[in-house]
**Q** 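I'd like to ask some things about the structure below.
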2 protein chains.
Amino acid sequence: MVEPVKKPTRKTDGFVANDTTLRTFVGYHMKRAFNVVQADLAKTLKPFELRMLTYTALVLIVDNPGLSQSQLADAMDVERPNLVVIVDELEQRELIVRQRVPTDRRAYALRVTLKGQHLFQQATDAVTAHEKALLGDIDTGAQDTMIATLIHIQSGGAKG
Amino acid sequence: MVEPVKKPTRKTDGFVANDTTLRTFVGYHMKRAFNVVQADLAKTLKPFELRMLTYTALVLIVDNPGLSQSQLADAMDVERPNLVVIVDELEQRELIVRQRVPTDRRAYALRVTLKGQHLFQQATDAVTAHEKALLGDIDTGAQDTMIATLIHIQSGGAKG
DNA sequence: TATTGTTATACTCTATAACTATA
DNA sequence: TATAGTTATAGAGTATAACAATA
């Protein structure tokens with residue numbers, strides 16, 4: 001059975017903030033919801049010794065074999081210098097390999113190993129189950145609308 | 001006129017990641033969307049010398065005059081030690097005051113000053129306008145559904 | 001010249017333990 | 001004994017500049 005993350009025990013009384021202004025403050029709700037999802041995700045990935053960043057990188061390499069570190073950084077919205085340590089970690093654990101590209105010897109082509117493929121499958125099964133449990137009692141249509149809207153925001157923020 | 005954040009210039013080719021696995025990975029979409037909103041927010045708040053954390057604290061103190069630091073930390077989902085520096089900053093800028101509570105001399109009651117009230121109003125006008133611009137071309141019903149779902153996730157993650 | 005990957009570095013946000021003063 | 005606020009500290013995540021190798 002999958003069990004959702006439980007909120008840490010707060011010793012404060014049952015204070016509920018007045019949300020007059022917060023009501024329309026989208027960033028606030030996004031941050032709080034992301035905190036919950038991120039905490040659940042961290043707990044789910046811990047047995048596999050993966051963090052959100054390393055898991056996301058692994059997913060992208062599995063689904064896009066041969067992509068470069070620049071492309072991966074772009075897809076992950078992470079600066080290239082910060083991606084180096086992530087790729088280092090996955091490589092040291094022999095989950096992926098860096099292959100020199102013959103046609104452009106500056107770049108690396110990233111690919112999963114068999115070991116990486118197996119870990120990816122196990123971790124993805126766990127993540128899928130946990131997210132399902134986390135969103136379980138939310139209307140499917142609302143879930144789809146939320147995801148579509150989140151994706152829309154990403155492109156919307158770009159076209160400035 | 002309000003102008004949305006523009007994506008930093010990426011020199012990578014038009015690589016678009018295959019989203020086979022990512023499609024159902026809610027945390028991924030939440031993080032990317034939050035990145036966009038957070039970047040827009042940071043830019044919006046910069047003229048007021050506020051960050052998301054200090055702005056959120058200011059909002060909560062305005063809407064909940066007299067609340068304690070513990071209650072504020074709870075409402076903001078921030079550990080109490082981390083809140084101290086946030087309250088320090090607002091107090092040093094004379095946007096809020098710490099008032100000793102006569103009935104419980106351990107606690108502080110937090111209240112905005114007139115200066116804080118003015119800055120809150122200006123910042124909130126700017127944030128509201130920017131978020132409106134950011135979500136402008138998204139269907140109003142979808143926006144409401146997303147926010148409701150984000151709020152639902154917060155309580156859903158707690159009931160474990 | 002420009003780009004890939006890299007190093008170094010700094011800054012923000014977050015998390016925990018332990019202290020003080022009050023209750 | 002427990003709580004409010006605090007200090008110190010360590011860990012993530014993020015952002016920028018500058019470098020070597022290659023294009």
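Each chain gets a letter, A, B and so on, in the order the sequences are listed, and its residues count up from 1.
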**Q** Under 4.5 Å between any side-chain heavy atoms of A:Phe34 and B:Asn35, yes or no?
**A** no
**Q** Are any non-hydrogen side-chain atoms of A:Leu53 and A:Met76 less than 4.5 angstrom apart?
**A** yes
**Q** Could you tell me the separation between the CE atom of A:Met52 and the C1' atom of D:dT14, rounded to a whole number of Å?
**A** 15 Å
**Q** Could you tell me which residues satisfy ring-ring contact (aromatic ring centres under 6.0 Å, His included) with B:Tyr108, sequence neighbours excluded, listed by chain and number?
**A** none
**Q** Examine C:dT14: is either OP1 or OP2 under 4.0 Å from a nitrogen or oxygen in the side chain of A:Gln38? Give yes or no.
**A** no
**Q** Applying a 4.0 Å non-hydrogen cut-off, can you work out what B:Leu53 is touching in the nucleic acid: base, sugar-phosphate, or nothing?
**A** sugar-phosphate
**Q** Polar atoms only, N or O, under 3.5 Å: list the protein pairs with nucleotides 16-22 of chain D and their distances.
**A**
from, atom 1, to, atom 2, distance (Å)
D:dT22, OP1, A:Arg105, NH2, 3.2

**Q** Return the value, rounded to whole Å, for the distance between atom CG of A:Asn35 and atom P of C:dT14.
**A** 7 Å
**Q** To the nearest Å, give me how far apart CG (B:Asp77) and P (C:dC13) are.
**A** 15 Å
**Q** Taking the side chain as everything from C-beta on, heavy atoms only, tell me whether B:Val127 gets closer than 4.5 Å to B:Tyr55.
**A** yes
**Q** Which whole-number value in Å describes the distance from B:Gln69 CD to C:dA21 C1'?
**A** 14 Å
**Q** How far does NZ of A:Lys132 sit from OG1 of B:Thr24, to the nearest 0.5 angstrom?
**A** 10.0 Å
**Q** Applying side-chain contact (heavy atoms from CB on, under 4.5 Å) to B:Arg98 and B:Leu110, what does each step give before you reach the verdict?
**A** CA-CA 5 Å; B:Arg98 278 175 165 112; B:Leu110 305 175; 3.8 Å; yes
**Q** Determine whether B:Leu22 and A:Ile86 fall in the same hydrophobic cluster, where Ile, Leu, Val, Met, Phe, Trp and Tyr are linked whenever their side-chain heavy atoms lie under 4.5 Å apart.
**A** yes
**Q** At a heavy-atom distance below 4.0 Å, what parts of residues 92-103 of chain A sit against DNA chain C?
**A** A:Arg98
**Q** Let me know, please, whether A:Lys31 or A:Tyr108 comes out on the 5' side of the other along DNA chain C by nearest nucleotide.
**A** A:Tyr108
**Q** Within the pair B:Ser70 and D:dT3, is there a side-chain N or O less than 4.0 Å away from OP1 or OP2?
**A** no
**Q** Output the rounded distance in Å from CG (A:Asp88) to P (C:dA8).
**A** 12 Å
**Q** Roughly, in whole Å, what's the span from CD1 in A:Ile86 to C1' in D:dA12?
**A** 11 Å
**Q** Nearest-Å distance, NZ (A:Lys46) to C1' (C:dA15)?
**A** 12 Å
**Q** Just so I know, are the side chains of B:Glu89 and B:Arg51 near enough to count as touching, which here means a heavy-atom distance under 4.5 Å?
**A** yes
**Q** Whole angstrom is fine here: how far is it from CG in B:Leu67 over to C1' in D:dA4?
**A** 13 Å
**Q** side-chain contact (heavy atoms from CB on, under 4.5 Å) with A:Phe120: which of A:Leu50, A:Asp125, A:Val112, A:Val59?
**A** A:Val59
